[in-house]
Structure formats: structure tokens, C-alpha cells
Amino acid sequence: MKELPKELTAPYNGAATEKTIYDMWEESGYFNPDNLPHVTKDPYTIILPPPNVTGTLHTGHAIMLAIQDTLIRYKRMQGHKTLWLPGTDHAAIATQSVVEKKIQKEEGKTRHDIGREELLRRINEFALDSQLIILSQFRSMGASLDWSRLAFTIDDKRNLAVKTMFKKMYDDGLIYRGSRIVNWDPKGQTTISDDEVVYVEEKTKFYYFKYGPFVIGTARPETKFGDKYVVMHPDDERYKEYTHGQKLTVEWINGPIEATIIKDESVDPEFGTGVMTITPWHSVVDFELAEKYKLDYEQIIDKYGKLLPIAEEFAGMKIKDARDKIVEKLQAKGLVERIEDYTHNIGTAERTGGIVEPQIMKQWFIGVNKEFEHFGKTTTLKKLMIDAVESKNTTIIPDRFEKVYFHWVNNLRDWCISRQIWYGHRIPVWYKGDEMHIGMESPAEDGWAQDEDTLDTWFSSGMWTFSTLGWPNDTIDLKTFHPTDVLETGHDILFFWIARMILFSTYALNEVPFNVAYLHGLVRDKDGKKMSKSIGNVLDPRDLSVKYGTDALRMALMVGNGAGNDLKLGEDKVKAYKLFANKIWNATRFVLERTLDQEVAAQLNEEDESVYKTWREKHADISKDIDEYRLHLASEKLYDYFWHVFCDEIIETRKVRIANNDGKESAQQLLTILLREQIIAIHPFMPFITEEIWKYIKKDSDTMLMVTKW
RNA sequence: GGGCGAUUAGCUCAGUUGGUAGAGCAGCGCAUUUACACUGCGAAGGUCAGAGGUUCGAAUCCUCUAUUGCCCACCA
């Protein structure tokens with residue numbers, strides 16, 4: 001008679017076994033789809049959303065890894081040629097500012113003191129070191145990523161892809177350089193895209209000034225120096241005596257100016273006095289009006305947020321300081337009608353917190369409404385983005401986000417892609433006098449200078465599904481694994497990233513980047529608050545995983561976490577799944593103990609056969625849940641069946657039969673099969689403990705659990 | 001201003017196509033030479049936010065209201 005393995009008599013200790021098991025998986029080579037034994041089904045691909053190199057593992061990453069690893073392990077066990085490709089993101093502005101701050105603190109120098117080349121060298125060094133930390137943390141979550149294909153958004157291969165894309169889009173007339181209004185961040189000294197602007201509420205004053213016969217309202221007196229257009233609604237009865245294009249002289253801040261009347265429907269007669277003056281250089285709405293009527297533009301505020309010479313006595317002053325002084329002057333001239341309290345939203349830069357100042361600047365743009373020839377059809381990038389989702393070639397889960405997506409795409413304006421920071425893919429354009437060269441490298445002759453700017457970080461991340469697979473080269477990986485199956489990420493980057501990936505992939509490859517975009521909810525603390533360092537309610541997944549085991553943490557993140565809904569996570573929940581791990585361990589020991597004398601596989605009797613059938617039905621149900629991305633249900637059902645059906649009912653009743661020798665062989669066989677099949681089924685969710693148990697229950701002919709047939 | 005969610009037991013949430021309301025945690029009672037006190041069994045706890053409608057039948061579908069959260073736009 002066999003004996004119970006010694007290891008099983010001790011309680012399960014996750015922290016002690018996880019590292020050994022992960023090493024065993026990694027050494028097996030099975031993370032790489034090219035090494036998988038018994039591939040019987042189609043390729044299955046997930047490209048990991050690349051974390052910022054500067055980051056450390058947080059609960060958001062932990063959720064993403066848990067969900068994706070579960071899907072990947074499930075498909076791998078089913079016999080798919082399964083690829084999960086890892087990488088990291090250079091996160092241009094974020095990374096550069098981390099390193100700049102470090103240099104400032106340690107050496108008291110700015111980026112201009114040490115120069116472009118040296119700064120980039122230091123950032124690279126920092127990025128490579130930092131990347132190792134987060135990657136090792138990803139391993140500790142049990143992530144079965146193919147490390148042999150590791151990519152970085154700014155390595156040489158990705159740089160080739162970026163340059164190739166830029167040139168291709170330029171040649172198609174989709175990328176252009178132009179003077180347009182952009183979001184300028186005076187603090188970060190760079191442009192940012194519309195999506196990087198976050199609005200915060202500000203309490204301020206709203207001023208009513210006399211402007212000739214009119215009273216105009218403004219919250220920004222400091223921009224008003226050059227205002228020579230006064231706009232009102234064409235149907236506004238109060239101003240019917242004035243006609244479009246009429247000119248009149250008005251007394252203004254620095255003396256009289258000639259004002260022109262513009263009648264336009266965009267003016268809301270209900271707001272303020274129904275009359276406004278416009279500043280096209282520093283307002284998006286005003287800029288659009290100026291474009292429409294071909295008006296003059298004049299810059300009032302410089303890159304540093306200071307007033308220009310047009311402000312005369314106020315020139316050189318900062319906006320904040322100038323505002324009150326300007327109002328004083330107007331007051332002295334008797335031009336202030338009244339001042340009210342006012343609450344409105346102001347745009348700030350997501351990364352630096354600087355107050356965004358719209359400016360007209362010469363920048364590079366991607367034209368989303370420009371028609372071009374695309375695989376034999378005339379289309380626009382916007383249409384491609386709509387079609388991909390409308391045709392269901394890409395499905396967004398949960399589907400309510402599809403509406404949000406359409407709304408966003410329909411209102412999309414040209415995307416400003418140039419950034420005035422140093423860390424990033426440098427724009428592949430060279431200038432010599434009036435000549436311009438777009439290509440992979442500088443022309444051979446002397447005198448060509450490359451564009452100083454870099455590309456928006458989302459330009460390179462937008463190409464992530466195929467740049468990681470070797471594009472623009474015609475690689476086997478690209479043919480095999482693209483379009484990818486699932487893109488799994490938080491719903492907070494639907495626009496930033498998902499939309500851009502659809503844009504680039506449909507444009508360059510004429511295929512969607514992924515068949516399914518699965519959006520998980522964001523993690524909140526047990527009271528529903530956002531986790532943040534300043535509130536001090538952050539749960540560190542690394543602590544939880546050491547304390548309760550990675551399997552427990554993964555289950556806690558999975559159960560009850562339906563697509564698109566935020567997940568509240570408290571430590572108790574993780575603890576509950578540690579108990580589950582313990583339950584699995586004990587049940588295994590017990591089943592092994594009671595089946596030590598089992599020689600051969602016995603036939604199940606009628607009663608046991610029907611119990612087994614219920615399990616098979618449950619199993620099919622769970623498979624369907626996973627196939628349809630209801631991982632929160634699948635995980636809960638596995639938990640419930642194992643604990644409350646298998647342990648509480650089946651084991652309890654069969655142990656009596658085994659003791660009494662009443663249908664003993666059938667009972668033993670039932671326990672053996674159910675344990676085995678459940679360990680297999682639970683593996684994608686709790687990979688460590690199941691792989692460990694597998695060592696003691698597997699047959700001699702079995703391979704390791706991660707490649708055992710589901 | 002526009003859009004999208006959420007509201008179910010004390011707490012956290014499930015509830016896949018409409019068919020007698022579920023779990024975990026907490027609390028209560030009972031059991032114990034026990035695979036597991038990191039256990040088991042049991043009881044208790046809910047007019048499924050409110051009102052109206054569709055239906056043989058509604059937590060589920062429709063309309064309105066309330067509370068709450070998020071996203072988008074941004075108005076000088």
C-alpha cells in the first residue's frame with residue numbers, strides 16, 4: 001500500500017512554493033507558443049498592455065494580470081497555440097519628468113544644463129533598471145508571459161515601426177505640419193493632446209466690461225488686449241441695429257481700437273450679455289470662429305505664461321499678477337460695469353498639473369477627416385475607426401462602452417502628435433532651409449537638421465499589437481498571431497489607447513488589432529473610494545500576495561469583478577480565498593489518504609455516476625462562462641462547487657461509504673476523478689496551488705498541469 | 001449641458017435568455033478523540049430605491065421620479 005507524501009501533511013504555504021513553481025514553468029519553455037506540445041487548435045493571442053517603466057505593481061496591474069493569465073492558461077490547456085506577449089511603455093512625459101526631478105534633487109541641474117544627449121542616456125539607464133523591477137513583480141503574480149518576445153515601446157524594432165508608420169501616413173497625406181491651436185502646458189513646456197487635459201473646478205471672478213456700446217463678459221481680462229472682434233447672435237433683438245461686418249471705434253485697455261461686428265449662431269444669447277469679444281490665439285472656440293470668418297490672430301501670452309509687448313505696460317507680467325492690475329486700470333477708465341463670483345472649469349495638464357494655455361503653434365498632426373485611398377476604397381481614419389466596431393470585427397465588452405466609443409470618435413479632432421520633450425520617438429523629419437525630408441534617416445549631405453520634437457507616447461503604443469509582432473517586416477509571428485484575440489485593460493484608457501490602436505491597425509494592416517476589447521473595472525477600497533497614496537487607502541498587491549498567497553489574491557480580484565464595473569477590495573476578501581486554498585489542500589490530503597489502497601480505476605455505480613454527471617454539467621457551464629468572458633461567475637462557481645458540493649456533500653457522504661465498505665471502490669474512484677478534474681479546472685484561476693497539488697495526484701503519463709488538457 | 005452606470009440581507013456584492021430571491025463576511029444557536037477551529041450543521045435577516053405599465057408571471061423588459069457614481073463637452 002502507498003503512503004501519503006510527507007509534504008502534504010504540512011499546511012499549505014503559498015509564499016514558500018510559488019517561486020519554485022514559477023521557475024519550473026519558466027524553465028519548461030511552455031510560455032513560448034513555439035514550444036507547446038500537442039497544439040491542436042488555432043493560435044490565441046493577448047498582448048499585455050505595457051506598464052510604465054517607472055511604475056511598481058499596483059492593484060490595477062494585478063487585476064489585469066489575473067484576468068489575462070486566467071484566459072491564457074485556459075486557452076493553453078485547451079490546446080491553442082497560445083501567446084501572451086509582455087512589454088513595457090516608455091511613457092515619455094512621465095518618465096522624463098521623474099528623471100528630471102531626480103537630477104534636480106541630486107545635482108541641482110535642469111535638463112538644459114546637462115543637454116539632450118546626456119539626459120536621454122540617463123533616462124534610458126533609469127528605464128532599463130526600473131523595468132526589471134516591474135517585470136519581476138509581474139512574474140510573482142504567476143503571469144505566464146512569453147519573456148522571449150519582450151518588447152519596449154522605444155526599442156530599435158519599435159522605432160523602425162514608428163518611423164515607417166510616420167512616413168506612410170505622410171505619403172498618404174494623413175500627417176501634416178500646420179499652425180493650429182493646441183493645448184500648451186506652460187509648466188511642462190510641451191503641447192499635449194485633448195485627452196491629456198483634465199478639467200478642474202475653479203472659483204474666480206466674472207467681469208463685465210464696457211466695450212463701446214456693448215457690455216462684454218469675461219473671466220480672462222488678461223487676454224483681452226487685442227480683442228477687435230465683437231460677436232453676437234444674429235437673431236438677438238437687443239443688437240439688431242448692428243450689422244455683420246460693421247466697424248466702430250471703441251475705447252479699450254490701452255486706448256481706442258477699431259472693432260468689427262461679427263454675427264454668429266455659436267453665441268448663446270442667454271449667457272452673460274449675449275455679446276463677447278474673441279481671442280483666437282488663446283481659445284479653441286474663438287480660433288474656430290476666426291477660421292470661419294478669416295479673422296486676424298494675435299498672440300497675447302507667451303510660452304511661459306507671460307504677457308507679450310502688445311500688453312504695453314503689462315508686458316512681461318505673469319497672467320496671475322496681471323489680471324488684477326488690468327482690472328484696476330479698466331476701473332480707473334470707467335469701463336468696468338460689474339464683477340460677479342464665478343465657478344468654472346479650467347484645463348490642466350494631466351502629468352504636470354500646469355494650467356493649459358491654448359496657443360497657435362506649428363505642430364505635426366494626424367488628420368482624421370482627410371480622405372485617402374485605402375485598399376482600393378476612399379475613406380478617412382475616422383470612418384475606419386467607426387467601421388471596425390460597427391461591423392463587430394472588434395467587440396467591446398461590456399457593450400455599453402461602444403456608444404461611448406462612437407461618441408468620442410465622431411467628435412474627434414485632428415490629433416496633435418508632436419511633443420516638445422526629449423524622451424520619445426524623435427520625429428523622422430529633417431530640414432535644410434525650406435526643404436524637408438521625411439524618412440528613416442537623415443539625407444547624406446551636410447546641413448540637414450532633424451526636427452527637435454518627439455512623438456506623443458500614444459503614437460508608439462497605438463501600434464503595439466503589431467509592432468510587437470515584427471511589423472513592418474512580414475514576419476511569421478505577424479501572420480500567426482494578428483489580429484490578436486483580446487485586449488484587456490481598464491476602461492479609463494478606452495480613448496487614449498484602444499481607439500488609437502484601432503486607428504493604426506485598420507489603417508496599416510487593414511485588419512482590427514483585436515477581436516475583443518475587454519474592459520475591467522477600476523479597483524476601489526472597501527468604501528468605494530479611489531485608492532490613492534494621499535488618502536492612505538492603497539492595498540499593495542505584493543503585501544497581500546505574501547500574506548495570503550498569490551492564488552488567494554487572484555481569486556479575490558476575480559470573483560465579483562464583472563466587466564466594466566468597479567471592484568471594491570478589502571483585505572477580508574483576500575483572506576477568505578486563502579481559506580479556500582487551505583480547503584483545497586486539506587481536501588486533497590483527505591482524498592489521497594482514503595484512496596491509498598485503491599489499485600485500479602473502478603466502475604462508478606449508478607449513484608456516483610449521476611453525481612459525476614452533475615459535475616460535468618457544471619464544468620460545461622463554467623467553460624461557457626469563460627468563453628463568454630464571465631470570469632467572475634466561473635471563478636465563483638468553481639469555488640462554490642468545490643467547497644459546498646464536493647467537500648460538504650460528496651466527501652462527507654462517501655467517507656462513510658468508504659469506512660463501511662459500502663460501494664467503496666466506486667466512492668474512491670468518484671473522489672479521485674472529481675479531485676483531479678477540479679484541480680485542472682481551477683488551475684487557470686489559482687495556478688500555484690493546483691500545480692503543486694498536481695505533483696501528488698498526477699498519473700505517471702501526465703505532464704505538468706499548465707499544459708494538461710482542460 | 002449631453003451620455004452611461006449603480007441602487008438586492010447589518011456590510012461587500014452575485015443573480016447569463018422574465019419562471020418560488022443567492023453567496024461571502026459580520027452577528028446568533030448547536031456540534032466536536034475531526035481531512036480542515038483556516039471546520040461542520042442550523043436558524044435568523046430582503047414589499048430587490050419609489051411610483052406606474054407590459055405579462056399567466058418582473059430584481060430582470062418599458063416609462064417617470066429620487067439618491068449616487070463615472071465619462072464627455074465646456075460658454076466667452
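Per chain, numbering begins at 1; letters A, B, ... match sequence-line order.
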Trainee: Please report the distance separating the C1' of B:G42 from the corresponding atom of B:G27, rounded so that it comes out in whole Å.
Mentor: 15 Å

Trainee: Between A:R630 and A:E652, which residue's closest nucleotide on RNA chain B lies nearer the 5′ terminus?
Mentor: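 Result: A:R630.
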
Trainee: Please classify the nucleic acid contact of A:T277 as base, sugar-phosphate, or nothing, using heavy-atom distances under 4.0 Å.
Mentor: sugar-phosphate

Trainee: Once you round it to whole Å, what is the distance between P of B:C72 and CH2 of A:W408?
Mentor: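 One finds 11 Å between P of B:C72 and CH2 of A:W408, rounded.
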
Trainee: For the pair A:K637 and A:D621, find out whether any cationic side-chain nitrogen is under 4.0 Å from an anionic carboxylate oxygen.
Mentor: yes

Trainee: Are a donor atom and an acceptor atom from the side chains of A:H644 and A:E649 found within less than 3.5 Å of each other?
Mentor: no

Trainee: Using a strict threshold of under 4.0 Å (side-chain N to carboxylate O), is an ion pair present between A:D608 and A:R654?
Mentor: yes

Trainee: Expressed in whole Å, how much space separates the C1' atoms belonging to B:U16 and B:U60?
Mentor: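 Result for the C1' pair: 11 Å, nearest Å.
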
Trainee: Quote, to the nearest angstrom, the P distance that separates B:G5 from B:U63.
Mentor: 12 Å

Trainee: Are A:H407 and B:A73 close enough that a side-chain N or O sits under 4.0 Å from OP1 or OP2?
Mentor: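 Answer no for this pair, as no side-chain N or O of A:H407 is under 4.0 Å from OP1 or OP2.
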
Trainee: Would A:D227 and A:K224 pass as an ion pair if we require N to O under 4.0 Å?
Mentor: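 So A:D227 pairs with A:K224 through a salt bridge.
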
Trainee: Salt bridge (Lys or Arg N to Asp or Glu O under 4.0 Å), that's the test. Do A:K263 and A:D235 meet it? Break it down for me.
Mentor: CA-CA 9 Å; A:K263 298 243 174 175; A:D235 301 335; over 6 Å; no

Trainee: Please pick, from B:C41, B:A35, B:C74, the nucleotide with the shortest atom-to-atom distance to any side-chain atom of A:N345.
Mentor: B:C74

Trainee: On RNA chain B, nearest-nucleotide positions of A:H491 versus A:N582: which is more 5'?
Mentor: A:N582

Trainee: Less than 4.0 Å between a side-chain N and a carboxylate O, is that true for A:E222 and A:R323?
Mentor: yes

Trainee: Taking the side chain of A:V404 as its heavy atoms from C-beta onward, which of B:A35, B:C71, B:A76 lies nearest to it?
Mentor: B:C71

Trainee: What does A:D625 touch in the nucleic acid at a heavy-atom separation under 4.0 angstrom: a base, only the sugar-phosphate, or nothing?
Mentor: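 Base, at least one base atom sits under 4.0 Å.
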
Trainee: Report the distance from atom CZ of A:F209 to atom C1' of B:A76, rounded to the nearest whole Å.
Mentor: 12 Å

Trainee: Whole-Å distance between B:U16 P and A:L631 CG?
Mentor: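 Spelled out: CG on A:L631 to P on B:U16 is 16 Å.
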
Trainee: Given B:C38, is OP1 or OP2 found less than 4.0 Å from the side-chain N or O atoms of A:W585?
Mentor: no

Trainee: So, do A:Y208 and A:F206 have ring centers that fall under 6.0 Å from each other?
Mentor: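 For A:Y208 and A:F206, the ring centres are under 6.0 Å apart.
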
Trainee: Round to a whole Å and report the spacing from CD of A:E340 to P of B:A76.
Mentor: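 Going from A:E340 (CD) to B:A76 (P), I get 12 Å.
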
Trainee: Kindly point out which of B:A35, B:C75, B:U39 is positioned nearest to the side chain of A:K655?
Mentor: B:A35

Trainee: Of the nucleotides B:C75, B:C4, B:A35, which one has an atom closest to the side chain of A:S283?
Mentor: B:C75

Trainee: Could you tell me whether the side chains of A:D456 and A:W415 share a donor-acceptor contact shorter than 3.5 Å?
Mentor: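 Per modelled atom types, A:D456 and A:W415 side chains form a pair under 3.5 Å.
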
Trainee: What contact category does A:K403 fall into here, base, sugar-phosphate, or nothing, at under 4.0 angstrom with non-hydrogen atoms?
Mentor: sugar-phosphate

Trainee: Which nucleotide wins on minimum distance to the side chain of A:Y342, given the candidates B:G15, B:C75, B:A35?
Mentor: B:C75

Trainee: Taking any heavy-atom pair under 4.0 Å as a contact, classify A:V267: base, sugar-phosphate, or nothing.
Mentor: base

Trainee: Can you identify which nucleotide, out of B:A35, B:G5, B:A73, has its nearest atom closest to the A:N586 side chain?
Mentor: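 Per side-chain heavy atoms of A:N586, the pick is B:A35.
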
Trainee: Let's go through A:F214 and A:Y239 carefully: what are the C-alpha distance in whole Å and the side-chain angles of both, what is the deciding distance for ring pair (Phe, Tyr, Trp, His ring centres under 6.0 Å) to 0.1 Å, and is it a yes or a no?
Mentor: CA-CA 9 Å; A:F214 309 107; A:Y239 310 110; 5.8 Å; yes

Trainee: Give me the distance, rounded to whole Å, that separates B:G1 from B:A76 when you measure between the P atoms they each carry.
Mentor: 15 Å

Trainee: Would you mind reading off the distance between A:F646 atom CZ and B:G40 atom P, rounded to a whole angstrom?
Mentor: 14 Å

Trainee: Using atom P in both nucleotides, what's the gap between B:A31 and B:U12 to the nearest angstrom?
Mentor: 34 Å

Trainee: Just jot down the salt bridge (Lys or Arg N to Asp or Glu O under 4.0 Å) partners of A:E251, sequence neighbours excluded, or say none.
Mentor: A:K333

Trainee: Out of B:A35, B:A76, B:C74, which has the shortest distance to the side chain of A:C647?
Mentor: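 Of all the options, the side chain of A:C647 is nearest to B:A35.
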
Trainee: When the P atoms of B:U20 and B:G10 are compared, how many Å lie between them, rounded to an integer?
Mentor: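 The same atom, P, in both gives a distance of 23 Å.
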
Trainee: For the side chain of A:E593, counting heavy atoms from C-beta on, which of B:A35, B:G15, B:C4 is nearest?
Mentor: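 In terms of side-chain proximity for A:E593, the closest of B:A35, B:G15, B:C4 is B:A35.
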
Trainee: Nearest-Å distance, OH (A:Y405) to P (B:G5)?
Mentor: 19 Å

Trainee: Please state the C1' separation for the pair B:C48 and B:G18 - nearest whole angstrom.
Mentor: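 Per the computed distance, 14 Å lies between those C1' atoms.
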
Trainee: Could you state the atom-to-atom distance from OH of A:Y199 to P of B:A76 in whole Å?
Mentor: 11 Å

Trainee: Can you tell me how far P in B:C30 sits from the matching atom in B:A14, rounded to whole Å?
Mentor: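 Looking at atom P only, B:C30 and B:A14 are 35 Å apart.
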
Trainee: For a quick check, with a 4.0 angstrom heavy-atom cut-off, what is the B/S/- contact string for nucleotides 20-30 of chain B, read 5' to 3'?
Mentor: ----SS-----

Trainee: Looking just at side-chain N and O atoms, do A:D264 and A:Y293 make a donor-acceptor pair shorter than 3.5 Å?
Mentor: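 A:D264 vs A:Y293: donor-acceptor pair found between side chains.
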
Trainee: What are the two closest non-hydrogen atoms of A:K228 and A:Y211, and how far apart are they?
Mentor: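 That closest heavy-atom pairing would be CA-OH, 3.5 Å.
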
Trainee: Determine the stems involving RNA chain B; a stem requires 3 or more consecutive pairs of the Watson-Crick or G-U wobble kind, each with both distances below 3.5 Å, and the answer is none if no such run exists.
Mentor: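 Stems found: B:1-7 with B:66-72, B:10-13 with B:22-25, B:28-31 with B:39-42, B:49-53 with B:61-65.
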
Trainee: CG of A:L557 versus C1' of B:A14: gap in Å, rounded?
Mentor: 17 Å

Trainee: From the set B:C74, B:A35, B:C71, return the single nucleotide nearest to any side-chain atom of A:R413.
Mentor: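 Nearest to the side-chain atoms of A:R413, counting from C-beta on, is B:C74.
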
